[in-house]
Amino acid sequence: MATRTFFPVGQGAFYAEKHKEFNMVYDCGCMGEINKSKKVVRQNFSKNESIDVLFISHLDLDHISLIKTLKDTVKTIKHVILPLLSDEQKILIGNIHRIIGINIDNYDIINNPNEFFGVDTQITYVESSSDDEGNINDGFVLNESLPRNIASKTPIEIVVNGMNYNWCFIPYNFKNKERSSKLEDELTKAGIDVGKLKTNSTYALNNIANEKDKRVIKKIYESLDGNINENSLVVYSGPYDISGKDSIINYDLDPDELFRYHSFYNYYLESTYDRVGCIFTGDANLNKFDITKIFGSYWETVGTVQIPHHGSLHNFNSDFLQSKIMCCPISFGTNNTYGHPSYNVIGEIMSKMSYVIKVTEKMDSGYVQYINI
């Protein structure tokens with residue numbers, strides 16, 4: 001039995017899968033009620049456990065702010081997989097984070113991940129790709145030794161308790177240059193030297209000392225809804241060997257009845273018959289690539305898609321809902337200032353007969369899937 005959990009941390013992202021003794025986490029952060037969210041992390045992992053692999057979709061605060069809590073809670077994080085960034089991207093993100101008051105722990109995740117996570121953690125970077133066709137690379141088994149860099153769409157097969165286990169993760173690093181260029185354009189208009197922000201790692205510390213400039217930069221950053229990262233790591237999680245799998249969905253529980261009478265939403269999925277695969281999207285823009293194509297035939301196993309960027313209309317495209325009913329968790333804070341989630345997004349999902357699962361900071365909004373492997 002495996003579980004997939006979408007944890008209630010509000011305006012952020014914290015998702016996990018437990019495959020017997022194997023733990024996967026995708027993002028771990030939030031904005032707002034940070035102390036409450038830290039308790040969510042501590043309640044769901046312990047010092048006796050290890051995180052076998054942590055995927056970081058991108059480096060916005062609401063996706064990384066709880067990683068230190070996670071690291072301090074568990075015995076070890078064995079592998080961290082994140083999008084490959086250029087030196088300019090790292091410096092720009094680090095400078096912006098410093099200006100808007102993000103603490104040094106999160107800065108070290110960006111610039112010194114080996115030092116932040118320690119010698120017992122292997123860091124692997126996923127190279128960016130613009131290939132949105134279903135060309136899947138040769139995979140490898142997740143073990144003690146991983147390459148420093150891997151290509152997008154490389155399956156990572158897992159072993160559980162020393163035995164073969166028909167499950168894999170397939171990361172796809174989409175590079176969206178428009179994302180950070182919008183931020184750079186607005187900063188330039190405000191008279192900020194973007195060139196130095198991208199090339200001088202101490203520029204924020206030594207040259208932007210007055211509160212007026214800091215307020216201007218923070219206002220621009222927040223007005224663009226955190227558009228600072230070019231890269232966003234999208235991850236498929238599901239069966240590895242999909243030959244002979246039946247792609248017809250077969251929920252044991254009627255979702256309508258479940259939503260009507262239960263606060264804690266959960267499904268029991270049978271891997272032989274149900275579409276147990278999930279695509280974690282982070283803050284990716286679904287208008288920039290086609291998730292029904294990038295993972296090839298693995299798309300047929302997918303029954304759950306995490307709706308990106310807290311249900312933002314800008315990041316949503318409903319085309320993936322055309323062919324089948326989907327479970328669509330949306331993580332958002334009930335008091336967020338961005339208007340997330342968009343009611344257009346909710347309407348599109350519901351009009352395609354799929355299911356919106358609201359995951360907020362309220363403890364009874366957590367969403368759990370049980371998967372019989």
Side-chain angles (χ1 to χ4, degrees), residues 2-7 9 12-19 22-30 41 44-45 49-71 73-74 76-85 106 109-110 113-114 116-117 121-129 136-137 139-143 146-158 167-175 229-238 240 277-284 291 294-295 298 302 304-309 329 331 369:
T3 61
R4 176 184 294 133
T5 305
F6 298 80
F7 291 105
V9 293
F14 175 35
Y15 314 129
E17 291 184 359
K18 289 178 178 265
H19 298 267
F22 184 99
N23 290 313
M24 181 278 273
V25 171
Y26 180 90
D27 283 348
C28 193
C30 75
V41 176
N44 288 283
F45 289 97
E49 293 182 276
S50 293
I51 304 301
D52 293 273
V53 58
L54 165 65
F55 289 97
I56 301 174
S57 68
H58 65 294
L59 296 165
D60 277 346
L61 176 64
D62 56 336
H63 292 255
I64 66 172
S65 64
L66 297 170
I67 289 178
K68 185 177 188 305
T69 302
L70 179 67
K71 182 174 77 78
T73 298
V74 299
T76 185
I77 299 176
K78 295 180 181 178
H79 301 97
V80 173
I81 298 178
L82 66 165
L84 180 64
L85 302 177
N106 299 316
I109 292 172
I110 301 165
N114 293 97
F116 175 85
F117 287 102
T121 302
Q122 274 207 313
I123 311 293
T124 295
Y125 297 94
V126 180
E127 297 167 351
S128 62
S129 173
I136 305 298
N137 297 307
F140 58 85
V141 176
L142 188 71
N143 54 33
L146 286 182
R148 176 177 167 78
N149 291 6
I150 62 173
S152 279
K153 299 194 289 186
T154 298
I156 303 168
E157 187 180 4
I158 68 174
W167 203 267
C168 74
F169 307 109
I170 306 176
Y172 174 70
N173 176 11
F174 176 74
K175 187 173 184 179
N229 294 282
E230 291 180 359
N231 301 68
S232 192
L233 198 65
V234 177
V235 176
Y236 161 87
S237 174
Y240 181 52
C278 174
I279 295 179
F280 297 99
T281 63
D283 281 359
I291 59 170
I294 58 173
F295 297 112
Y298 287 97
V302 174
T304 302
V305 172
Q306 172 245 320
I307 301 303
H309 209 173
S331 295
Q369 294 177 332

Any chance you could lay out the side-chain contact (heavy atoms from CB on, under 4.5 Å) test for Ile158 and Asp52, step after step, and finish with the verdict?
CA-CA 9 Å; Ile158 68 174; Asp52 293 273; over 6 Å; no

Using only atom types and a distance under 3.5 Å, with no angle test, would you say the side chain of Ser57 pairs donor to acceptor with the backbone of Ser232?
no

Find the distance between CD1 (Ile123) and CD1 (Ile81) and round it off to the nearest 0.5 Å.
10.0 Å

Nearest heavy atoms of Phe169 and Ser237, plus distance in Å
CE2-OG, 3.2 Å

Closest non-hydrogen atoms of Asn149 and Leu84, given as atom of the first, atom of the second and distance, are ND2-CD2, 4.0 Å

Quick check for you: to the nearest 0.5 Å, what is the distance between Ile64 atom CD1 and Phe116 atom CZ?
8.5 Å

Checking side-chain contact (heavy atoms from CB on, under 4.5 Å) against Phe14, which of Thr5, Val41, Asp27 comes through?
Val41

Less than 6.0 angstrom separating the ring centers of Tyr15 and Phe7, yes or no?
no

Would Lys153 pass as a cation-pi partner of Phe295, given that its NZ or CZ must be under 6.0 Å from the six-membered ring centre and within 45 degrees of the axis?
no

Indicate yes or no: at least one non-hydrogen side-chain atom of Ile109 is less than 4.5 angstrom from one of Ile67.
yes

Looking at CH2 of Trp167 and CG of Leu142, how far apart are the two atoms once the value is rounded to the nearest 0.5 Å?
15.0 Å

To check you understand the geometry: which heavy-atom pair defines the closest contact between Pro113 and Tyr125, and what is its length?
CG-OH, 3.3 Å

Distance-only, no hydrogens or angles: does the Ser331 side chain make a donor-acceptor pair with backbone N or O of Ala13 under 3.5 Å?
no

Pair Ile291-Val305, side-chain contact (heavy atoms from CB on, under 4.5 Å): steps then yes or no:
CA-CA 10 Å; Ile291 59 170; Val305 172; 4.1 Å; yes

For a quick test of reading the model, state the closest non-hydrogen atom pair linking Gln369 to Thr304 and the distance between them.
NE2-OG1, 2.7 Å

If only atom types and distance count, is the side chain of Glu157 paired as donor or acceptor with the main-chain N or O of Phe140 below 3.5 Å?
no

Considering non-hydrogen atoms only, spot the tightest contact between Ile56 and Pro83 and give its length.
O-CD, 3.0 Å

In sequence, state the C-alpha distance, the side-chain angles, and the governing distance for Thr76 and Ser50, and then conclude on side-chain contact (heavy atoms from CB on, under 4.5 Å).
CA-CA 5 Å; Thr76 185; Ser50 293; 3.1 Å; yes

Tyr298: partners by ring pair (Phe, Tyr, Trp, His ring centres under 6.0 Å), with sequence neighbours left out
Tyr236

Taking all non-hydrogen atoms of both residues into account, name the closest pair between Val126 and Asn173 and its distance.
O-ND2, 2.8 Å

Sub-4.5 Å side-chain heavy-atom contact between Val25 and Phe55
no

Ser152 backbone acceptor or donor facing Asn137 side chain under 3.5 Å
yes

Ile156 vs Ile150 side-chain heavy atoms within contact, under 4.5 Å
yes

Give a yes or no on whether the backbone of Thr69 and the side-chain of Thr73 come within a donor-acceptor separation of less than 3.5 Å.
yes

Any side-chain heavy-atom pair from Cys30 and Leu66 closer than 4.5 angstrom?
yes

What is the distance from atom CG of Leu54 to atom NZ of Lys78, rounded to the nearest 0.5 Å?
14.0 Å

Would you give the length of the straight line joining atom NZ of Lys71 to atom CD1 of Ile77, rounded to the nearest 0.5 angstrom?
7.5 Å

Ignoring hydrogens and geometry, is there a side-chain-to-backbone donor-acceptor pair from His19 to Ala2 under 3.5 Å?
no

Say whether, by atom type as modelled, one donor and one acceptor occur between the side chain of Ser65 and the main chain of Asp62 under 3.5 angstrom.
no

Could you point out which residue of Glu17, Gln306, His63, Arg4 forms a side-chain contact (heavy atoms from CB on, under 4.5 Å) with Tyr26?
Gln306

Under the side-chain contact (heavy atoms from CB on, under 4.5 Å) criterion, do Ile279 and Val234 qualify, and how do the steps go?
CA-CA 7 Å; Ile279 295 179; Val234 177; 3.5 Å; yes

Do Pro155 and Tyr240 come close enough that some side-chain heavy atom pair is under 4.5 Å?
yes

Atom CG of Leu82 and atom CG of Leu59: how far apart are they, to the nearest 0.5 Å?
6.5 Å

